[in-house]
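These notes are about the structure you will find just below.
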Amino acid sequence: MTAASPQGGAGSKPRLIMICHLPPPMTGAAMVSQYAVNSSRLREMFDCEVIPIQMASNVGELGGMRLSKVWNSLAIHIRLLRLLMSRRVDAVYITVAISGFALLRDYMTALICRAFGIRPILHMHMNGVSARHDRSRLYRVLYRSLFGAAEVIHLSPLLCRDVASLVRPERLHVVANGVPDPGSAADAMAPFHENPRPPTVLFLSNMLREKGALDLLAASKCLHDEGHEHRLVFVGAEADRDVVVAIREATRTDGHRVAFTGPLYGREKDMLMGQADIFAFPSYYEHECQPLSIIEAMANGLAVVASRAGGIPDLLRDGVDGLLFDERDIDGLVDALRRLVSDARLRQALAQAARRSYLKTYTVEAFEERFVDTIAQIVKASEQA
């Protein structure tokens, strides 16, 4: 596929401004943005200028309002204006927020783009637009203005329903996430063999209450009381204090069963995932979309048990490459974990199916191809409009 040149001379690359979240902190949106920004294929096709959105140094600072966020937002807008006034720009890509001050920041960014005749490309990494739209007049006004005049990228067909009433179908695009292959999942595809050790259940997420860590802790205790041996490992950055306190107390009183490592990255995280057997993700987070941690578990050949939050049902087929249960359904979580902890053959069957699904759809190379092709199609359509 050759690069389009919407408004430039023969052979010139379209100019793309990317306003996106980048680490720190290490969130799913920031990681995906990093993959996009680092894409050699993207830079082959576009002349890219990156304006990072970095409003916090850790997960605990993501919420709330601080003066530094106002100054950082102004800096983003000033830099965008300078770029738009100094040279031709063909497209502006924004990883968009859907609530609070961040929404106002991105709304102003979109207005600046439109003032220069550019329809912004909004990449969604959050769920919950329709709920806010229905209960708040202010959000209705903001959302209709923001999404009605934009191209929108979402992560799965299920999630597209959240903004379908605000975005014309031809301007709504699906680009599923992807992660790098850890290259350590060969054992998952090997013939079945009995492992004498109790299975390890892994939870990987920032320690937010809505991610379900306390539900998992309670479910693990229930299984332990029933006599189902297993080990439970929590990995992630500290966020909600009550969650961290409860997990640390469990490690103090039952350290042979429960462990908490804090955040792990890179090789350390891959090594731990390679040693685990089951990945549990009982989220009821209102903004849940398509968790990278689940895709990482699939890449590592783990059996996955997860809630039906957000776009997870588009990511995992219940009973085929994972086990699903309803949000906040602790009994459903206990039942799914019980099945996996007690049945090694089922664990391996689900793990192998998850690994195959990852290789087919969710590698970082597949994401890169989908992302770049979508941006190119949007720019080409804008040229022809």
Side-chain angles (χ1 to χ4, degrees), residues 177 179 181-205 211-213 215-217 219-220 222-224 226 228-236 257-259 264 269-283 288 290-309 311-327 329-363:
N177 286 332
V179 302
D181 190 342
S184 60
D187 289 347
M189 309 307 288
F192 175 80
H193 67 278
E194 198 72 48
N195 192 328
R197 67 171 175 80
T200 296
V201 180
L202 178 64
F203 175 89
L204 173 62
S205 178
K211 292 292 185 175
D215 288 0
L216 179 58
L217 194 61
S220 173
C222 181
L223 291 179
H224 175 70
E226 292 176 359
H228 296 287
E229 288 190 68
H230 65 284
R231 188 163 184 263
L232 177 60
V233 181
F234 291 92
V235 179
R257 180 176 61 89
V258 183
L264 295 177
K269 182 178 70 174
D270 289 339
M271 287 179 63
L272 184 57
M273 296 191 86
Q275 295 165 3
D277 303 282
I278 300 166
F279 184 80
F281 195 77
S283 175
E288 201 67 74
Q290 191 182 69
L292 290 189
S293 57
I294 291 181
I295 302 178
E296 289 173 332
M298 297 166 69
N300 279 277
L302 301 184
V304 180
V305 54
S307 68
R308 292 187 173 89
I312 293 174
D314 278 341
L315 186 59
L316 295 170
R317 298 164 294 174
D318 188 23
V320 177
D321 42 27
L323 296 181
L324 301 180
F325 60 93
D326 292 336
E327 295 175 57
D329 180 7
I330 295 183
D331 290 340
L333 170 60
V334 170
D335 181 63
L337 285 174
R338 185 187 295 115
R339 292 176 62 190
L340 291 178
V341 167
S342 61
D343 190 340
R345 289 186 182 275
L346 176 61
R347 288 201 304 270
Q348 186 179 47
L350 293 179
Q352 290 179 342
R355 171 71 179 168
R356 287 193 293 268
S357 179
Y358 162 76
L359 291 173
K360 180 180 179 181
T361 307
Y362 300 108
T363 63

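Side-chain N or O atoms of R347 include none that pairs as donor or acceptor with a backbone N or O of A303 at under 3.5 Å. Checking side-chain atoms of R355 against main-chain N and O of A299 turns up a donor-acceptor pair under 3.5 Å. The main-chain N or O of T363 is never found under 3.5 Å from a side-chain atom of D181 such that the two would form a donor-acceptor pair. For the pair D326 (side chain) and D329 (backbone), a donor-acceptor distance under 3.5 Å is absent. Side chain of N300 to backbone of L302: no donor-acceptor contact under 3.5 angstrom is found. One N or O on the side chain of D321 and one on the backbone of R317 form a donor-acceptor pair closer than 3.5 Å.
For the residue pair S220 and H230, a side-chain donor N or O sits within less than 3.5 Å of a side-chain acceptor on the partner. With no hydrogens or angles considered, a side-chain donor-acceptor pair links E288 and S283 at under 3.5 Å.
Under the 4.5 Å side-chain criterion, counting only non-hydrogen atoms from C-beta, V233 is not in contact with V201. For the pair V235/L202, a side-chain contact is recorded, criterion being any heavy-atom separation below 4.5 Å from C-beta on. The closest side-chain heavy-atom distance from L323 to V304 is not below 4.5 Å. Side-chain contact between R231 and P198: absent, with no pair of heavy atoms (C-beta onward) separated by less than 4.5 Å. Contact check for I312 versus F281: side-chain heavy atoms found under the 4.5 Å cut-off. Residues L350 and L340 form a side-chain contact, since some pair of their non-hydrogen atoms from C-beta on lies under 4.5 Å apart. R308 has its side chain within reach of D318: a pair of non-hydrogen atoms, C-beta onward, lies under 4.5 Å apart. Side chains of I294 and F279 form a contact here, defined as non-hydrogen atoms less than 4.5 Å apart.
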Query - Worked check of side chain to side chain contact (heavy atoms under 4.5 Å, CB included) between L272 and L264 - result: CA-CA 9 Å; L272 184 57; L264 295 177; 3.7 Å; yes
Query - side chain to side chain contact (heavy atoms under 4.5 Å, CB included) between R339 and V305, intermediate numbers included - result: CA-CA 10 Å; R339 292 176 62 190; V305 54; over 6 Å; no
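When all heavy atoms are compared, the tightest approach of Y358 to V179 is OH-O, 2.9 Å. Of all heavy-atom pairs spanning S293 and M273, the tightest one is O-CE, 4.2 Å. Closest approach of G212 and P282 over heavy atoms only: O-CG, 3.2 Å. For the residue pair V334 and C222, the shortest heavy atom distance occurs at CG1-SG, 4.0 Å.
To the nearest 0.5 Å, atom CG of residue D215 and atom OG of residue S307 are 9.5 Å apart. Distance check, rounded to the nearest 0.5 Å: CD of Q275 to CG of D270 gives 11.0 Å. Between I330 atom CD1 and L216 atom CG the span is 10.0 Å, to the nearest 0.5 Å. In this structure, CD in Q348 is found 10.5 Å from CG in D277, a value given to the nearest 0.5 Å.
In this structure, the salt bridge (Lys or Arg N to Asp or Glu O under 4.0 Å) partners of E226, at least two apart in sequence or on a different chain, are R338. For the ring-ring contact (aromatic ring centres under 6.0 Å, His included) test, residues two or more places apart in sequence or in another chain that qualify with F234 are F203. Applying the salt bridge (Lys or Arg N to Asp or Glu O under 4.0 Å) rule to E296 yields the partners K269; only residues at least two apart in sequence or on another chain are considered.
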